[in-house]
There are 2 protein chains.
Amino acid sequence: MARRGSYAKGIAKREEILSAALEVIARNGYGRASVRELADAVGLSQAGLLHYFASKEELFAEILRKRDEVDRETLDAAHADERLSMMDGFVEVMRHNADVPGLVQLYARLSAEATEADHAARPFFTERFRLFRELSVESIREGQQDGTIRADLDAERIASLMLAAADGLQTQWLMDPTIDMAEHIEYLLTLLKPPAAA
Amino acid sequence: MARRGSYAKGIAKREEILSAALEVIARNGYGRASVRELADAVGLSQAGLLHYFASKEELFAEILRKRDEVDRETLDAAHADERLSMMDGFVEVMRHNADVPGLVQLYARLSAEATEADHAARPFFTERFRLFRELSVESIREGQQDGTIRADLDAERIASLMLAAADGLQTQWLMDPTIDMAEHIEYLLTLLKPPAAA
DNA sequence: GTCTATATCGCGATAGAC
DNA sequence: GTCTATCGCGATATAGAC
């Protein structure tokens, strides 16, 4: 911001591109989101946009990275609130997802494409999965400490199942928007409670 | 089979194409599976193959449909065995999936692409999801009857979560094959047991 | 029913001017 | 830093011969 010269400008422009792309995709979905289309939205030519990102795949990965940064704040806020846990923030993020179908679709499609061995976005997803599991395990263990989650559960397995359920629900919801993603995650969370607890 | 004339021949050829395509994809994955490649495998030209299928998307959907037919037998066999339930068959199918990464990838990628409104494979997936939920709900209710599953659970929600977990685990596994898909599904199933049950 | 040949396409990427 | 122009790929789909 306060920095001078082309470097700072480049950073700022990247951010501007990402913000614009985020809006376009949220509105129009992944299918019609070519580099050209995104370039138009920010007032650049296609080549001009690709000056900032090595490839389309990396651009898309950066969009999701930026989205995750925003969502991460929701998670941290919930974690900081002593009446809540990271899992409450997670449910809130899922609830918010229902407002941005285009982004949900981008996530679903790019994560599927990134299963290809040489896909540029693959490192993004493997790291994302790792971090999600790490945060979840931490949150689950906290719940086990304070008695809100069954102590006998395997936090690692639950974390992977949580991630899987969230991703799978997004595809189901894209096919049939009457599915309530957040409610299903909440229901899964109730399965983790001790028999005695409310 | 016993039928005569061009119609029966066409049906047989379709089956031959699907079988060959199934093998090629299981071996090479989705990424390198163009219509041309699949045509080569069965000894047809690309145009020759498309004489039997309206489009690539429909061809791929048919491949998955055929795969589901095979897997369905595993489910039914488990259901018929009075010591088992459909869910046991489901775990077995997931275990088998680890042997056919190409098919898992085809499923993951095509289901993501089929979230596009006008995608030819979309009806296949919506129907598949519906059927999976139907069979799962039935199986869960049976488990609730005979006391192996908590009676207070919402079978519909569990069914959707089961489907979501299965699909999500496949993407995770494609990114990192050390994940044990079947084991995770089994673990999810244990969460459904009554507190008293073993 | 199957092939050859081609229409047509859109896109991502790159070269080079300004 | 941005544009114009174009390359070049790979693909699906189709027309029409045999």
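Proteins come first, then strands; the chains are lettered A, B, ... in the order of their sequence lines, and each starts at number 1.
Considering all non-hydrogen atoms of both residues, A:Phe90 and A:Ala166 come closest at CZ-CB, 3.5 Å.
Looking at A:Arg130 and A:Glu127, a side-chain N of the basic residue comes within less than 4.0 Å of a carboxylate O on the acidic one, giving a salt bridge. Note on B:Glu186 versus B:Arg95: salt bridge recorded, some NZ/NE/NH1/NH2 to OD/OE distance being below 4.0 Å.
Within the structure, side chain to side chain donor-acceptor pair (under 3.5 Å) contacts touching residues 60-82 of chain B (residues at least two apart or in different chains) are B:Glu15-B:Lys66, B:Glu62-B:Arg65, B:Arg67-B:Asn97, B:Asp68-B:Arg128, B:Arg72-B:Asp76, B:His79-B:Glu142, B:Asp81-B:Arg83.
Side-chain rings of A:Phe132 and A:Phe125 stay apart, their centers remaining 6.0 Å or farther from each other.
Atom pair B:Leu38:CG and D:dG10:C1' shows a separation of 15 Å (rounding to whole Å applied). With rounding to whole Å, B:Leu49 atom CG is found 10 Å from C:dC3 atom P. Atoms CG (A:Leu59) and C1' (C:dA13) sit 14 Å apart, rounded to a whole Å. Nucleotide C:dT4 holds its C1' atom 14 Å from the CG atom of B:Leu44, rounded to whole Å.
A:Glu92 is linked by a salt bridge (Lys or Arg N to Asp or Glu O under 4.0 Å) to nothing, counting only residues two or more places apart in sequence or in another chain. A:Tyr30 meets the ring pair (Phe, Tyr, Trp, His ring centres under 6.0 Å) test with A:Phe60; sequence neighbours excluded. Residues passing the ring pair (Phe, Tyr, Trp, His ring centres under 6.0 Å) test with A:Phe53: none are found, sequence neighbours excluded.
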The contact string for nucleotides 11-18 of chain D, one letter per nucleotide 5' to 3', using protein heavy atoms under 4.0 Å with B, S and - for base, sugar-phosphate only and none, comes out as SBBB----

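Across residues 103-121 of chain B, not one residue has a non-hydrogen atom less than 4.0 Å from an atom of DNA chain D.
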